[in-house]
Each structure stands twice: as structure tokens, then as C-alpha cells.
Amino acid sequence: MDAVSEPARGESFVLEPRALQALLDAIVAEGYQIRGPLVRDHAVCLDEVTRVEQLPVGWTDEQEGGHYRLTRRGGSALFGCGVGQDSWKRLLHRPLALLWSAERDDGGLALSEPHEEPARFAFFGVRPCDLAAINIQDGILAAGRYPDPFYRARRQGLLTVVANCTSAGGTCFCASMGTGPRAESGFDLALTELWPDTANHALLVETGSDAGTRLLAAVPRRPAGDPERREADEATRRAVEQMGRRLDTSDIHGMLMGNLEHPRWAEVARRCLACGNCTLVCPTCFCTNFEDGGDLELRHAERTRRWDSCFTLGFTRLHGGPVRRKIRSRYRQWMTHKLATWFDQFGTSGCVGCGRCITWCPVGIDLTEESAAIRASDGRSGR
Amino acid sequence: MSIRSSLLPRTFRVVERHEETADTATLVLEAEDGAPLEFAPGQFNMLYAFGRGEAPISLSGDPASPQRLLHTIRAAGPVTEALAGLRPGEHLALRGPYGSRWPVEESEGKDVLVIAGGLGLAPLRPVIYRLLAARERYGRIVVLYGARGPDGLLYRAELESWRSRLDLEVEVTVDHANGAWHGDVGVVPSLIPRARFSPADAVAMVCGPEVMMRFTVAALLERGLAPEQIHLSLERNMRCGVAQCGHCQLGPFLVCRDGPVLPYTRLGELLTIHEL
Ligand SMILES: Cc1cc2nc3c(=O)[nH]c(=O)nc-3n(C[C@H](O)[C@H](O)[C@H](O)COP(=O)(O)OP(=O)(O)OC[C@H]3O[C@@H](n4cnc5c(N)ncnc54)[C@H](O)[C@@H]3O)c2cc1C
Ligand code: SF4
Ligand code: SF4
């Protein structure tokens, strides 16, 4: 391997698996805190990773509706597991955040925000669907008239190293949503794992930004050739073929919004527990609620923001009670929001096809199946 | 944090408090930093009561006086109870203004119908101020207002002074009268058939409980208004006011951002879907 010539943006290279440690070291040397996939509590979680051995090497996962299991497959694959219940949104759009505190005395009321140095994160091993999810949350929390400074500060310093998918999970459908299994842009670096468990095991690295390109300068590498590029394309194609689910997105907005009174909503409501798991694991679900507290002397008060779920009864509470009383209405709200009204509100789909909501639903409710069932008996007149 | 969060409110001092009804008061507020808060009729602020929380409350004063904000608050729960109970000299915090506005300028040259039920008059009062400030630019102006009972009427003195004007038609009705009431009895929509305006050239701005708005729209369509001449202000659970908490969704709309004022043409069918 030669590391003599400077890498240029847009180029692709090949790394040997052990060179990945040099990449992790280079990221740390740039002052980033790396977060990446590791095995904890029998699942893939996202936490601090500084050593290659911390990655879920040799693990794979089984995912089905309401089912998740990690199994040891052995071998050398670094990225053999799909996404777990954890997602990057936990790090950018925190589950619980202090917004500000208030002090009251005889003279009045004084409000102040917490002083925090925003963490400079490097997300390592981001799946393409999850990269798309970050972009979707950007559109809600970092754009618009009132960007969330807490989110934006973390987002602005972010470095992303994508791990393209070369095998697909049992519940994912990124190919239907156009978000994967290979990321085209929006990353600093993108890795594609080639020929694991063989002597040729290697990683194809694509550069997507100047920051990513700079990092490679210190990493042993060689320019990518045709065999590696071809194998990356092949692996992508295999992942598409393997994908456990698909969703027909043709006219999905019109199809769902034209079927708001479809009997299927009541049918799925008989199975749905309104537990809210799907909203918590979803990497794009952004809803929050606010909580207020204070000390007993009524001098100090705090306002915090916490993830919320549209499956709770209190979510739509108004003077006369909740607007969405029935689970039917709440499931309908969630699914039509993900697949239809998100387009009206934010100009994108609210679903990236990661499959988390299917895997982590305790009763295995599957939005691709629900959508297909409604489409199969489309209640719009003339169909 | 270098950027000020849009969720961080400013402090205001209560300078006056007017009791409107048994559970509703109007607060007059001035910013501690003296900076005016320019707003358009129909917009709302998020008001914070110390330690209790925030609630969306419409701006109910004159947009021409952005240094003196008026909010009419009904004690409906812990936050609004604390807010409505604030006395002159006490403080609250506030952020805004948020949301869409009534089409006041767009209605120049036309007859304007201001139709309110209960607290719905609060977000419409700024419209009346604006219309009266440029009275000559509008055709007929009709204010139709209803409350549950005579004790529930907001802005009594002001209603009376408007009623005495010759260039304004003001009709007030109550659902249930008591002995001292000599006015109309019935629901607001029942005032529409006899109100004087030219349906072909009128704009209706409606705010009140959702049932009241539904019947009002039906009565307006009956009188010959087209759906695009009708505007409604909606109420949903709102936590952030800045299109980030997700609570106020109504199908394609985030009511805090796209509303609360929306043209009936964009709402029509959505309002007929149960629990949307
Ligand atoms: C755009 C907009 C403008 C509004 N303008 C005014 C106004 O000018 N004056 C005014 O008094 N009120 C107004 N409201 C209603 C007011 O925001 C609610 O009454 C308030 O949020 C109740 O909060 P709470 O904490 O006091 O009560 P909560 O503890 O939240 O609840 C107490 C009671 O109020 C109900 N409630 C909760 N949230 C709402 C809500 N958003 N709307 C109605 N009821 C609710 C609950 O079901 C319960 O019965 C407006 C609401 C919106 C969305
Ligand atoms: S809706 Fe389900 S599949 Fe789609 S992004 Fe959310 S969790 Fe993933
Ligand atoms: S769909 Fe499944 S995960 Fe979502 S609320 Fe219903 S039971 Fe829970």
C-alpha cells in the first residue's frame, strides 16, 4: 500500500481491514468523539468506539416482525449486523434536554439557557437509511424559521462515515424508499465491505467531503480498481435482492389520504397496543413534549423537553379531551404521517425503510403490510 | 450556547388585569426589555407561567400597539389558571408571535363578517381594530358573537360601544338567557340568515368551538358564500409553537405554522374526518 500521494475528494480507495484502526485514530486525532455500533445487552447499540475490535465483528442479526436476535456467525465481517433499536437521533435530538431555567425573586423573572459545549461527534458505520433519516430530521430541526440550536450545534460539527449495506435485514425496505442500500452523497466517507471471510477481505472507501478526504491522508490505502468497484456494485445488488420487505410507493400520498376511513385502520387497531415503540425506534420521528418543574420555594424552575409519541392519549388533549381517542385514529395518524403527510409538511417522506418499527413492535405490526392491505382494497371511488 | 434558542421566552410584566368573566381575565403586558412585539391579527404567543408551563394564547389587542400586548385567558387547567390569576406587577415569560393571520388587507373593498363563539372573539378582536382603523376601505362590517350565557360574554363595554356605531352591525346572542338578558337567544349560526351583507362580495372570518364553526360554515354556504370566502381559526394541542413538537398536526397541516387561521378551501374535507 502506498500512502504517498494526497487523496482527492471524489476518489475511491481500498483499505485493508486492519487499516481501519488508522482511520479511527485519525478521526480521534481530529478531536471527534466517535460513536459507532457495538454489541451490548444482546443488541447493536451506538456508543463510543475507538478500537476496531469494539465493532460487532463476526456477529449477525435475525430480524422479523416483533423479533430481533443477534447470532455469532464467526468470520471477519465488520459490518454484518443491520440497525438495532438505537438510532443516531438519540445523539442529535436528545431524548431529554434541559431547555432553560428560570429564577424568580421579588424583582421579577430571569431566564437562562444552559451553557454546553456541543459535542463534536463522528458517526462511524452509519447505514444509508440512517444517513437519510438524519437529513430528514435536519429539515425539521435545523431548517425552517426557528431552527433548534441544540440540534444544530451538534449537527454542524458532525462527521459521518457510512457503512453501505452488502446484506439486508429481514425487515428493511430502503430500496423501496430510495435511501439505500448504498449512499450516494451526503457523507464524509463511505465504506463498502468486500469479500469478508476471505483472504481478499477489504473495504472500498469513497470520499464525499474535504474533511473525509483529509482523514485518509494518514491511512494506508491504495486506489480502487475495477474489481473492487464491480464487487461493491454486486454486493449492493445482492442486498437489494435479499431485502426482507418492500413498499409500493406509487401515489402513496393519494392512496393513503384517500382511504382515511378504510376498515383496515380498525383492524390494525385491534392488534396495536399503542405502546409507542415504533415512534421511539424510528430514526425520523421527532415529536416532543415539555415538562416543567421547580423547587419547593418557588424560586427556581426548569423546562425540559422529552421525546413524545403520537400513540399516547395525552398527545392531542384539548379542552373536551383528546382528539385521537381511538387507537385506530392514532395508528392512522402515525402511518399516514410517515408515508404521506410528511411530504406536505416537510417536503420528504417520513420513512426511510430502516425496518425498526417492524422489528421492535411487540406484536409485529408491519407498515408495509398495512399499506399493501389498504392498497389491495383501495376504497377510492372509481378504483 | 451562542445562538439564542427560539424556545427561550422573554419576560413581561403585567401592567393591568381586567376580569372578563368568572374564569377569564385579560392581561395587559409590557416587555421588561421594552422591545415591541409586532404581530398580525390571528397570531398567538406562547405564555409561560413560572414553574407551571406554557400555553398558546391568542393576541387579542390592537396590532397598532405592539408595546402593550393584550391576552385574554380562560382558566382551563394548571397553566392557564396561573396565567389568568396574575396581578399587576407580576411577571410571566412569553415568546412569539406565531402562526398565520386573518386576511384583513386582502378583504379591502369587501363586506367583512367577523363571527365568533365564546373565547373565539379574542383572536378576532385585532381584526375589528384593524377594520375600524381603516373603516372607509371596507364595505359592510358585521360582527356576530355568541356565548353560552350572558355571563360568558367577553369585552362587554367594547361590544356596547361598537354596537352604538352606525357603520358597524353587531349582533350578540346567548345559548341560554337569564332574567336580565334582553338580547337574542340561540346559537351564532342562527344570526347568519338575517345579517346584512352581500354574499358575492364578502369574506367571513370565523373562530369558536369546532361544532360552532361547522354549523357556521354550513349557514354561510347556504347564504351563498363560496368556500374560498371563508376562513377559520383552529385549535389543536400545541406544545412548541414552532413546528417541532408534532402535537398540533391536522393531516397535512402543522396548525401552529400553517394555521391557526386557514382558508376553508384547504380544510373542508379534513374537518369531516373523525379524530383526524
Ligand atoms: C392557537 C391557539 C390559541 C389559543 N388562544 C387562547 C386564548 O386566547 N385564550 C385562552 O384562554 N385559551 C386559548 N387557547 C387555548 C389554551 O391554549 C388552552 O386552554 C391551554 O393550553 C390549556 O392549558 P393548561 O395547561 O391550562 O391546561 P392543561 O393542564 O393542559 O389542561 C387542562 C384542560 O385544558 C385542556 N387543554 C389542554 N390543552 C389544550 C389546548 N391546546 N386547547 C384547549 N384546551 C386544552 C385539557 O383537556 C384540560 O381539560 C388557544 C389555543 C390555541 C391552540
Ligand atoms: S417508519 Fe419504520 S421503517 Fe420507516 S423510518 Fe421509521 S422506523 Fe424505519
Ligand atoms: S404499531 Fe406496534 S410498536 Fe407501534 S404503538 Fe402499535 S403495538 Fe406499539
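Source: prediction; values computed, not measured. Here is the naming used below: chain letters follow the sequence lines, and residue numbers restart at 1 for every chain.
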Exam field: side chain W100(A) to backbone L7(B), donor-acceptor pair closer than 3.5 Å: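 Yes, W100(A) side chain to L7(B) backbone: donor-acceptor pair under 3.5 Å.
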I140(A) versus chain B, the contacting section by heavy-atom distance below 4.5 Å: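 Contact with chain B: backbone and side chain both.
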Sort L99(A) into side chain, backbone, both or neither according to what part of it lies under 4.5 angstrom from a heavy atom of chain B.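 It is the side chain, since no backbone atom gets that close.
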What distance separates T11(B) OG1 from L111(A) CG, expressed to the nearest 0.5 Å?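 Result: 6.5 Å between the selected atoms.
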Looking at [options], which has the largest count of heavy-atom pairs under 4.5 Å with chain A?
options                          : answer
R52(B), E235(B), M238(B), E54(B) : E54(B)
Q249(B), Q244(B), H247(B)        : H247(B)
E32(B), E90(B), R13(B), R236(B)  : R236(B)

Of the non-hydrogen atoms in [X] and [Y], which two are nearest, and what is the gap between them?
X       : Y       : value
G251(B) : Q345(A) : O-NE2, 3.1 Å
Y146(A) : P97(B)  : OH-O, 3.8 Å
P147(A) : S6(B)   : O-OG, 3.9 Å

Side chain, backbone, both or neither: which part of [X] has an atom under 4.5 Å from a heavy atom of chain A?
X       : value
A93(B)  : both
F253(B) : backbone
C240(B) : both

Quick one: side chains of residues 282-295 of chain A, donor-acceptor pairs under 3.5 Å with protein atoms, not counting sequence neighbours, listed by atom name and distance.
{"unit_1": "T284(A)", "atom_1": "OG1", "unit_2": "K338(A)", "atom_2": "NZ", "d": "2.6"}
{"unit_1": "T284(A)", "atom_1": "OG1", "unit_2": "G350(A)", "atom_2": "O", "d": "2.6"}
{"unit_1": "N289(A)", "atom_1": "OD1", "unit_2": "R239(B)", "atom_2": "NE", "d": "3.3"}
{"unit_1": "E291(A)", "atom_1": "OE1", "unit_2": "R306(A)", "atom_2": "NE", "d": "3.3"}
{"unit_1": "E291(A)", "atom_1": "OE1", "unit_2": "R306(A)", "atom_2": "NH2", "d": "3.4"}
{"unit_1": "E291(A)", "atom_1": "OE2", "unit_2": "R306(A)", "atom_2": "NE", "d": "2.8"}
{"unit_1": "D292(A)", "atom_1": "OD1", "unit_2": "R303(A)", "atom_2": "NE", "d": "2.9"}
{"unit_1": "D292(A)", "atom_1": "OD2", "unit_2": "R303(A)", "atom_2": "NH2", "d": "3.2"}
{"unit_1": "D295(A)", "atom_1": "OD1", "unit_2": "L298(A)", "atom_2": "N", "d": "3.0"}
{"unit_1": "D295(A)", "atom_1": "OD1", "unit_2": "R299(A)", "atom_2": "N", "d": "2.9"}
{"unit_1": "D295(A)", "atom_1": "OD1", "unit_2": "H300(A)", "atom_2": "N", "d": "3.1"}

Select all residues of residues 257-276 of chain B having any heavy atom within less than 4.5 Å of some heavy atom of chain A, and report them by number, or 'none'.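 From residues 257-276 of chain B, the residues near chain A are R257(B), I273(B), H274(B), E275(B), L276(B).
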Find the one option among A110(A), S329(A), P322(A) whose heavy-atom pairs under 4.5 Å with chain B are most numerous.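 Maximum pair count with chain B is reached by S329(A).
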Against chain B, work out which of E261(A), Q333(A), R332(A) has the most heavy-atom pairs shorter than 4.5 Å and name it.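 Highest number of pairs under 4.5 Å: R332(A).
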Over 12 non-hydrogen atoms of neighbours within 6.0 angstrom of CZ in R148(B):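 Check fails, neighbour count at 12 or below.
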What pairs meet the salt bridge (charged side-chain N to carboxylate O under 4.0 Å, His left out) rule with one or both residues in residues 131-146 of chain A, with sequence neighbours excluded?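 The answer is D138(A)-R155(A).
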Output a table of donor-acceptor pairs, distance under 3.5 Å, between side-chain atoms of residues 310-319 of chain A and any protein atom two or more places apart or on a different chain; print 'none' if there are none.
{"unit_1": "T312(A)", "atom_1": "OG1", "unit_2": "S309(A)", "atom_2": "O", "d": "3.1"}
{"unit_1": "T312(A)", "atom_1": "OG1", "unit_2": "F315(A)", "atom_2": "N", "d": "3.4"}
{"unit_1": "T316(A)", "atom_1": "OG1", "unit_2": "V323(A)", "atom_2": "N", "d": "3.0"}
{"unit_1": "T316(A)", "atom_1": "OG1", "unit_2": "R324(A)", "atom_2": "N", "d": "3.1"}
{"unit_1": "H319(A)", "atom_1": "ND1", "unit_2": "R74(B)", "atom_2": "NH2", "d": "3.4"}
{"unit_1": "H319(A)", "atom_1": "NE2", "unit_2": "R74(B)", "atom_2": "NH2", "d": "3.1"}

